Amino acid sequence: MAHSNGDAAGGDGEGAPVPRPLAPARKVALITGITGQDGSYLTELLLSKGYEVHGLIRRSSNFNTQRLDHIYHDPHAVPSSPRPPMRLHYADLSDSSSLRRALDAIAPDEVYNLAAQSHVAVSFEIPDYTADVTATGALRLLEAVRLARKPMRYYQAGSSEMFGSTPPPQSEDTPFHPRSPYAAAKVAAHWYTVNYREAYGLFACNGVLFNHESPRRGENFVTRKITRAVGRIKVGLQTKVFLGNLSAARDWGFAGDYVEAMWLMLQQDQPGDYVVATEESHTVEEFLQAAFGYAGLNWKDHVVIDKKYFRPAEVDSLKGDSTKARRELKWKPKVGFQQLVEMMVDHDIELAKKEKVLVDAGYRDPKQQP
């Protein structure tokens, strides 16, 4: 006996199954500066949320992808495997054509501009390059996003260094007073982003992130320089560490927490600018005390002040007011100052132990410091 149309259409009969709704398309993100500290943490976050992630990297004689090694899948290793969720592409913020080609080929939903010449002290040595990549590079990318074939949401990585000599606490309404070529370039990138938002209607956000650290921080940044020294001193590979201004105060947080704020900015209904900070400030000396003390060492026995590490124009104190981010993004830091320091010291003691194995076996010069 034939089923009625009603049975076949979906009641309790044995007709054709009811079609399931299609799964939403995977979001696509493009990250400049993907090989850096923030880029690696942001990549992990986006992959955990089901994104397909693409990163732009510069051509170099040496590989600089070690922060991504635990994520990267060689497409040649398993040719039959599905398309990898993270892919790397050659491009450069100094080359407009490469940026436009990348956007056309990848067609991302979200663009995170994290790339920069990001070392403050080095920016005094190479100011032209710093301005070209950090400021004009952002402008080139914004123009590429504006001319893209589909709408894209854009995140611009700002810096608390933009506030410079303006007294703390610093919020979205605090005037900028940059004290380095790096900070001045970041201010330019900030206002380019605001301008493209207002002039062309781009969904473009600025994240003014205060200092954020991790075991993946570059070893020429003061926090990582300190924790690397702690590890090497603890295992007998080093006795002294040379530093500059110990009275400079910074608002230090964990980079893994801060990339979540970046992502949250691009999920809002309207674009805006946000300060991201712990709202606590500590001096370099306090960081020394916490790091050396945690390892059972006295920092005064090992630290030597070297005038060459003083900046031509110092930034004395930075402390963020992240009220807006906490209210609108529902964001707050999870890792506190002491926990951050201990995380970095633990990592660098283990790293130093591995170094010592190489030194003891004669594969590395014990005088060679990072």
Side-chain angles (χ1 to χ4, degrees), residues 28-49 51-77 83-95 98-99 101-103 105-106 108 110-123 126 129-130 132-138 140-141 144 154-159 182 185-186 189 207 209 211-221 223-225 227-228 254-263 344 347-348 351 370:
V28 178
L30 173 66
I31 303 173
T32 73
I34 194 171
T35 59
Q37 169 189 252
D38 293 4
S40 66
Y41 281 113
L42 180 59
T43 298
E44 289 176 345
L45 175 71
L46 295 178
L47 290 176
S48 74
K49 294 183 179 296
Y51 279 66
E52 178 180 309
V53 178
H54 296 257
L56 301 187
I57 59 173
R58 290 175 295 166
R59 169 71 177 87
S60 173
S61 299
N62 298 312
F63 287 112
N64 185 33
T65 56
Q66 61 269 23
R67 294 186 180 97
L68 300 172
D69 285 346
H70 63 294
I71 304 171
Y72 181 71
H73 298 283
D74 185 349
H76 302 99
R83 180 171 174 160
M86 185 197 75
R87 303 178 68 192
L88 302 177
H89 311 261
Y90 285 118
D92 199 299
L93 286 181
S94 64
D95 183 352
S98 70
L99 300 177
R101 281 197 303 271
L103 289 181
I106 298 164
E110 299 171 2
V111 177
Y112 296 86
N113 184 28
L114 311 186
Q117 189 303 99
S118 59
H119 197 282
V120 175
V122 171
S123 75
I126 50 172
Y129 175 77
T130 300
D132 184 49
V133 172
T134 307
T136 310
R140 295 184 186 105
L141 187 54
Y154 176 88
Y155 170 82
Q156 172 61 39
S159 168
Y182 164 75
K186 280 293 188 183
L209 274 57
N211 294 66
H212 43 290
E213 319 298 317
S214 76
R216 301 180 194 174
R217 188 59 140 156
E219 294 182 10
N220 58 352
F221 288 83
T223 51
R224 187 76 196 288
K225 184 176 181 179
T227 59
R228 282 290 275 131
F254 173 52
D257 290 342
Y258 283 40
V259 298
E260 183 185 17
M262 300 178 187
W263 174 76
M344 295 175 68
H347 175 275
D348 285 336
L351 184 58

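Since we're looking at a predicted model, the values are computed, not measured.
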Side chain to side chain contact (heavy atoms under 4.5 Å, CB included) partner of I31, the single match among L88, L56, L46: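 Among the candidates, only L46 passes.
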D348 CG to R217 CZ distance, which is reported to the nearest 0.5 Å: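 Between atom CG of D348 and atom CZ of R217 there are 13.5 Å.
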Euclidean distance, L68 CG relative to M86 CE, rounded to 0.5 Å: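 So the CE of M86 and the CG of L68 are separated by 5.0 Å.
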Check ion pair K49-E110 (N to O, under 4.0 angstrom):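 Between E110 and K49 there is no salt bridge, as every charged N stays at least 4.0 Å from the carboxylate O atoms.
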Lys/Arg-Asp/Glu bridge criterion (N-O < 4.0 Å) met for R140, D95: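 Salt bridge between R140 and D95, a charged N being under 4.0 Å from a carboxylate O: no.
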Between [X] and [Y], what is the shortest heavy-atom contact and its length?
X	Y	value
Q37	E213	OE1-C, 3.3 Å
S159	Y182	CB-OH, 3.5 Å
V259	L45	O-CD2, 3.8 Å

Geometric class of the Y155/Y112 ring pair [parallel <30°, tilted 30-60°, perpendicular >60°]: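 Geometry flag for Y155 against Y112: tilted rings.
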More than 12 heavy atoms of other groups within 6.0 Å of R216 CZ: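 Atom CZ in R216 is crowded, with more than 12 foreign heavy atoms closer than 6.0 Å.
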R224 side chain vs P215 backbone, donor-acceptor pair below 3.5 Å: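 Such a contact is found between R224 side chain and P215 backbone.
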Under 3.5 Å donor-acceptor, T32 side chain and L114 backbone: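 Yes.
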Residues which pass side chain to side chain donor-acceptor pair (under 3.5 Å) with D257, listed by chain and number, not counting sequence neighbours: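 Testing D257 for side chain to side chain donor-acceptor pair (under 3.5 Å), a comparison that skips the adjacent residues, returns none.
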Residue list, side chain to side chain donor-acceptor pair (under 3.5 Å) with T65, at least two apart or on another chain: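 Partners of T65 under the side chain to side chain donor-acceptor pair (under 3.5 Å) test: none.
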With V28 via side-chain contact (heavy atoms from CB on, under 4.5 Å) - residues at least two apart: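 So V28 forms a side-chain contact (heavy atoms from CB on, under 4.5 Å) with E52, H54, I106, P108, D109.
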Non-hydrogen side-chain atoms of S118 and F221 separated by less than 4.5 Å: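 Yes. Closest side-chain heavy atoms under 4.5 Å.
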